[in-house]
Every structure is written in structure tokens, then in C-alpha cells.
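Notes to accompany the following structure.
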Amino acid sequence: METKMIDLSVDGLKLQVPENATIMEACALAGVKVPSLCRLEGISSNASCGVCVVEVEGARALVRSCVQKVSPGMAVRSASARVMQARRSIVELLLANHPADCLSCLRSSSCELKDLAEIMGVRCQAYPPTRKTVAADSGSSILRDNAKCILCGRCVAVCRDLQGVQAIDFVGRGSHSRIAPYMDSSLDSSACVSCGQCTIVCPTGALTERDQTDEVFAALQDPQKIVLVQTAPAIRASLGEALGMKPGSLVTGKMAAALRRLGFDKVFDTQFTADLTIMEEGSELIKRLSGGVLPMITSCSPGWINFIETFYPKLLPHLSTCKSPQQMFGALAKSWWAQKAGVDPSRIVVVSIMPCTAKKKEAARPEMRDAYLWWKEKGKKLEPFFDVDIALTTRELARMVRRAGIDFDALAEEDFDAPLGISTGAATIFAATGGVMEAAARTAYELVNGKSLPSLEISALRGLSGIKTAELPIGASTARFAVAHTLKNARILLEEIQAGKSPYAFIEVMSCPGGCIGGGGQPILTNDSQRLARQAAIYEEDRHLPVRLSHKNPAVQSLYTEFLGSPLGELSHELLHTSYAQRKV
């Protein structure tokens, strides 16, 4: 059906716009950017901040352009003296209840409130503070500082509407209004799954990742420590963006070089254990197809694990028992690699660079100490240690690079270290929604059918559709697969399983929009165009790598020959697999 267009004017410029457009959208078509702190495309538009006001001829009061629809003949003034004064007053009122700690704030360089104050010419505090401050919430993954909250509601909207978690909401009235979990509990003891999407959309520093860069610098400067770093597949397609390059810049070699300049003793790649995950998870699927709990669901995304443990604990038998690639890496680095290198595992510090805030919480799970238990069984007396010591986000690594004064763009490309830096194209695509499923399908098809897929690129599993499905002949039968990204879409598939109506053999779930490329630790204010650009970079790397099948990774083959024996073997289960339990909130 053809959209009806109407005539109106913006600042004297006559134009036609769709009849269902908002005034803000009409202004954009006229080349005018109307500021807003609460509106975010596809996430939130509740008109709470009031910064987007404009003047409409004939209206007694200023109107909020983000929600007010256009009408025929409307005459809009987007920057009249009355409008400019109103916007300035609104920003001054917001700043009256905002701490003046820009020098120490994690979001100082990317604070939308600070940027808007600059645009509005606000140079001093015009009003006394009126709102009572609330103590900060220092979670294991996410920090919440309500003193910096401007009550825009973006975090509430993304948690409720995109993720379907509803861990936070508006609480109180008037000057006591705030955003908090149920009963003002901490995020760690609430229904929060640590996905970090709230940190992506927050316009100020009210919600941030728990910064651990000082801990990493301290480890790098300790001569007694051997500091290893692993980088998740998504980082190569987003670190450049976090450092000022265009979205989708592929910086794999520069990233490896930068990590060496920072002082890491070995620069490894989580993609090695992504390939290993396919070997273990694919073998597990083949075993379950012969008689086991189906559908089997992937277990790479820790936010997703938190979600199912919290909301659907009865469905936990459907999860693959595989650890995430991050945790597999930590266990192997402090067992197999330490043994090969002749290094005391208690001296090793494993640092992960992840696109995800939930990885911080995953690394600290009490059961993630399998390398320590392996050495203990061998009779070695050590102080208990975790498999992964510190997980940093993309944003944190970008801060480290800037802090060290590294000219990232000028770096020559370098390779990862062997053997834990050797990987395939199948591992690279783990970064995108559908990538784990596609990598698994490539290997499962070849191992069972004895031949390669006609095309290694499975288009049905790609893109940003909320739920994608595909069918693949595996042996004598046809297996149906499903892929979901965002927890709201995951809930749809879980409800089908719970009702006994799921037709699938294998399901991939990623917590975040677009998969890891849209993770909660990625550059802020990520939108679909950025996600698609990052996906394109990931698929480009896959196409150009010489090996694109996980089971053909020579380093993984050597790992099984030298150490693990076989997929799903006794040692594999000891180091690479885990169990899950209901999460008490």
C-alpha cells in the first residue's frame, strides 16, 4: 500500500513527508538534527527527557518532536529563541542532579549529556541539586551509578523490549525517582543476566562495564607473571571502530601487533577453542541424534546461560555441556600449554578480550577451575586459581591502547602465536548470529556424510532476522536447525520446547542483537548498520582464510593426538565440559 505524503514546512523549508512520521523525522528530512537523550532508534522513544522540543505554529506550548506526529500544513521551527532557551534550561536542570566528575568518569569521552551541554553552551551549574543520591551498585560485570542517571529509560526499554528480561524498571516518584532492580537489590542478585545491552544504550555513565584495565596493566608489569591474551572473533571487526576507524574495519593483524606492544607474553586467539568447540559440540550433537535430549542448544553465550538458568531451569538438559570457547581456552592454557611450555600454571595470567560484559561473570564462576583440579590430580600442590583471570571488553582494550600511546592505525600487521593462535574461517564466523550453527553444520555434514557441503556459506543462517531456520541432510535423516539472537527471541524457541512442539535438532542462541558483533562490551550506541558492517568483515575474513573447516585445524588435530585423545573423551570432559544449575535470584 502506497504511503500517503503530506505537505509541511520546517524552518521555512517546504517538504513532503509520510503522514505517520514524527516531527523529529520530518526535521531530519529537512537536514535538521533535533537533539534527544531518551530516544534511540529501535529501542526507546518515551519523550521523557524533553530535549527534543520544537515550536509548532499555532500551538500554545512547545511540543516533543520525538512522539508528536506531523499534520498537513504544519509549520515547525526547530531552533527559535524559545526552543533554544527551553533546551538549555532542560540540560541545566539535568546537570543540577549530575555529578561533576567528568575527569574520572568512564564515559567522559562518549557522554551524550556532556556533548549536549557543550552544544547548548552550558558552562556552569545554574540550579541547586534536588534529587537524593543513591549508593552505587558494583556488580561483577556491570556498575550502576544512579547519581549519573538522567531517567531517560533507554536501559529499561532495551532490557524489557529487546531482551525480555525486565531486570530493571522505574522506582519511586518525584525527586525520589530512580531506575533499579526489584526491591532495590543489586544487579548480581537480581534477574539481570549481565548481557550489557544497557551499557550500550546508556547516554551517560550510569551503567558501565566493570573496568579492569588497571588489573591487566599491573599483571603486565609484574615480572613474576606470564600474561597470555586471547581475543574473541568479534574483536577483530570492532576494535578499529572503538579506536576511531569506520565500522566494519577488519583489524586482525593490527590487533595482534597492539597486544604485543602492550606487553603480553603470548598473543593467542579464542578462535582456536572455537574450532575445538565445534569438535566437542558437533560430536555431542551426533551422539544425541542417536539417542539423547533434543533439541540440543549451544552454550557459548554466557548471558544466554544466565538467562536459561534463571528463567527456564527445567530446560537445562537441552544445553550442550561444552564450556564457552573463552573457558576452554583458559583450561587448556593452564594445563596443556603450561605443560608444553614448562611453565608453572600458578604464574600464568589469562586475559580475555571479549565483546561481552557477561564474560566477566562467567570467568568468575566457581566451577571454572578445571586446570587447577587437573594439576591437583597429578599431585602438584598449587594455590587454587581460575582458568580465566580477567575478561576485558572491546571498550576496555581500546582504552588500554590509547593509554599506552599506541598509534593503532600505523601498526604493521602481525600473526598470532602458535599453537593456541591457529584457527579457521569456521571459528571466525562465531562472531555473528548463526555463525556457531554454520560452523557446526560444515563439520557435521562432512564428518557424517563423507563429503563437503556444496557451499560452505549457508545463507539461511545469516542476517539479522530474529529467528532463522535451516534443514541439512545428516546421514540418512534431515536435521532441522534454528538460530535466535536476543533473549526475547530465545524465549520463543524455549516456549516451543517447553510445550513439546519444537521441531529442531539443534538450536543456537546468542544473547545480543547480531550475536557477539553486537555484544554488550562493544562500542557504544551500536545500531543495525554497524552490526551489518561488522558481520561483513567477519564473513570477509572467513572467505580468505586457507582453512574454513574446524576439524581441519592442524593445531586442534595435534591437541587431540598429543593430549586430549578424542572428542568427548575422559580428559575432554574434565577440561572442556561443565554442568549448569538453576540460578537463584
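The figures here come from the full heavy-atom set of this structure, side chains too, leaving out hydrogens, waters and symmetry mates.
- Two residues are said to be in side-chain contact when any heavy atoms from C-beta on lie closer than 4.5 Å; T270 and M354 meet this criterion.
- We find the CG-SG distance between D145 and C202 to be 9.5 Å, quoted to the nearest 0.5 Å.
- We find that K359 and E362 are joined by a salt bridge, their nearest charged nitrogen and carboxylate oxygen being less than 4.0 Å apart.
- Between R260 and D417 there is a salt bridge, since a side-chain N of the basic residue sits under 4.0 Å from a carboxylate O of the acidic one.
- The pair E414-K254 does not count as a salt bridge, with every side-chain nitrogen at least 4.0 angstrom from each carboxylate oxygen.
- Counting only distance, with no hydrogens or angles, the side chain of T273 and the backbone of L276 share no donor-acceptor pair below 3.5 Å.
- No side-chain N or O of R442 forms a donor-acceptor pair with one of S452 less than 3.5 Å apart.
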Test side chain to side chain contact (heavy atoms under 4.5 Å, CB included) on I348 and V343 and set out the steps.
CA-CA 8 Å; I348 296 175; V343 169; 3.8 Å; yes
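- A donor-acceptor contact closer than 3.5 angstrom links the side chains of S346 and D344.
- Here the rule is side-chain hydrogen bond (donor to acceptor under 3.5 Å, both in side chains) with Y312, and of H318, E495, Q582 only E495 fits it.
- Residue E570 qualifies as open at atom CD: its count of foreign heavy atoms under 6.0 Å is 12 or below.
- At least one side-chain heavy atom of I467 sits under 4.5 Å from a side-chain heavy atom of L493.
- In this structure, the side chains of P233 and I429 stay at 4.5 Å or more apart for every pair of heavy atoms.
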Does the side chain to side chain contact (heavy atoms under 4.5 Å, CB included) test come out yes or no for L472 and I474, once each step is laid out?
CA-CA 6 Å; L472 203 65; I474 302 292; 4.1 Å; yes
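- Rounding to the nearest 0.5 angstrom, the gap separating the OG1 atom in T231 from the CZ atom in R236 is 5.0 Å.
- A donor-acceptor pair under 3.5 Å is absent between the side-chain atoms of H485 and the main chain of M510, judged by distance alone.
- Under the 3.5 Å distance criterion, the side-chain polar atoms of E309 are left unmatched by any main-chain donor or acceptor of R583.
- Cation-pi check for K376 over W374 is not met; the charged atom does not lie both under 6.0 angstrom from the ring centroid and within 45 degrees of its normal.
- A side-chain donor-acceptor contact under 3.5 Å links T393 and E396.
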I'd like to know whether H577 forms a side chain to side chain contact (heavy atoms under 4.5 Å, CB included) with E280, so could you lay out the CA-CA distance, the side-chain angles of the two residues, the decisive distance to 0.1 Å, and finally the verdict.
CA-CA 9 Å; H577 293 253; E280 294 293 324; 2.8 Å; yes
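- Taking OG from S301 and CG from N306, the interatomic distance works out to 8.5 Å, rounded to the nearest 0.5 Å.
- We find the NZ-CG distance between K468 and N489 to be 9.0 Å, quoted to the nearest 0.5 Å.
- The backbone N or O of S511 sits less than 3.5 Å from a side-chain atom of Q163, completing a donor-acceptor pair.
- No donor-acceptor pair closer than 3.5 Å links the side chain of R534 to the backbone N or O of A234.
- In plain terms, the two heavy atoms of S320 and S299 that are nearest each other are O-OG, 3.4 Å.
- In terms of modelled atom types and a separation under 3.5 Å, the side chain of S141 and the main chain of K361 share a donor-acceptor contact.
- A donor-acceptor pair is defined here as one N or O able to donate and one able to accept, closer than 3.5 Å; no such pair exists between the side chain of Q230 and the backbone of S352.
- Ring pair F272/W336 is parallel by interplanar angle, where below 30° counts as parallel and above 60° as perpendicular.
- Expressed to the nearest 0.5 Å, how far CH2 of W375 lies from CD of Q339 amounts to 5.0 Å.
- Screening R395, R403, R399 against D211 for a salt bridge (charged side-chain N to carboxylate O under 4.0 Å, His left out) leaves a single residue, R399.
- For the pair N449 (side chain) and K451 (backbone), a donor-acceptor distance under 3.5 Å is absent.
- Annotation: the span from C322 atom SG to Q327 atom CD amounts to 13.0 Å, rounded to 0.5 Å.
- Side-chain contact check for S558 and T561: no donor-acceptor pair (N or O, by modelled atom type) lies under 3.5 Å.
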Is there a side chain to side chain contact (heavy atoms under 4.5 Å, CB included) between D370 and E574 once you walk through the steps?
CA-CA 7 Å; D370 287 324; E574 184 177 347; 5.7 Å; no
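- In this model, a donor atom of one side chain and an acceptor atom of the other lie less than 3.5 Å apart for T428 and Q271.
- Side-chain atoms of T394 and Q522 form a donor-acceptor pair, as typed in the model, at a separation below 3.5 Å.
- Although no hydrogens or angles enter the test, the distance criterion places no donor-acceptor pair under 3.5 Å between the side chain of K334 and the main chain of P345.
- The side-chain tip of R369 does not point at the ring of F385 from less than 6.0 angstrom away and within 45° of straight on.
- Judged by distance alone, the side chain of W304 and the main-chain N or O of T298 form a donor-acceptor pair under 3.5 Å.
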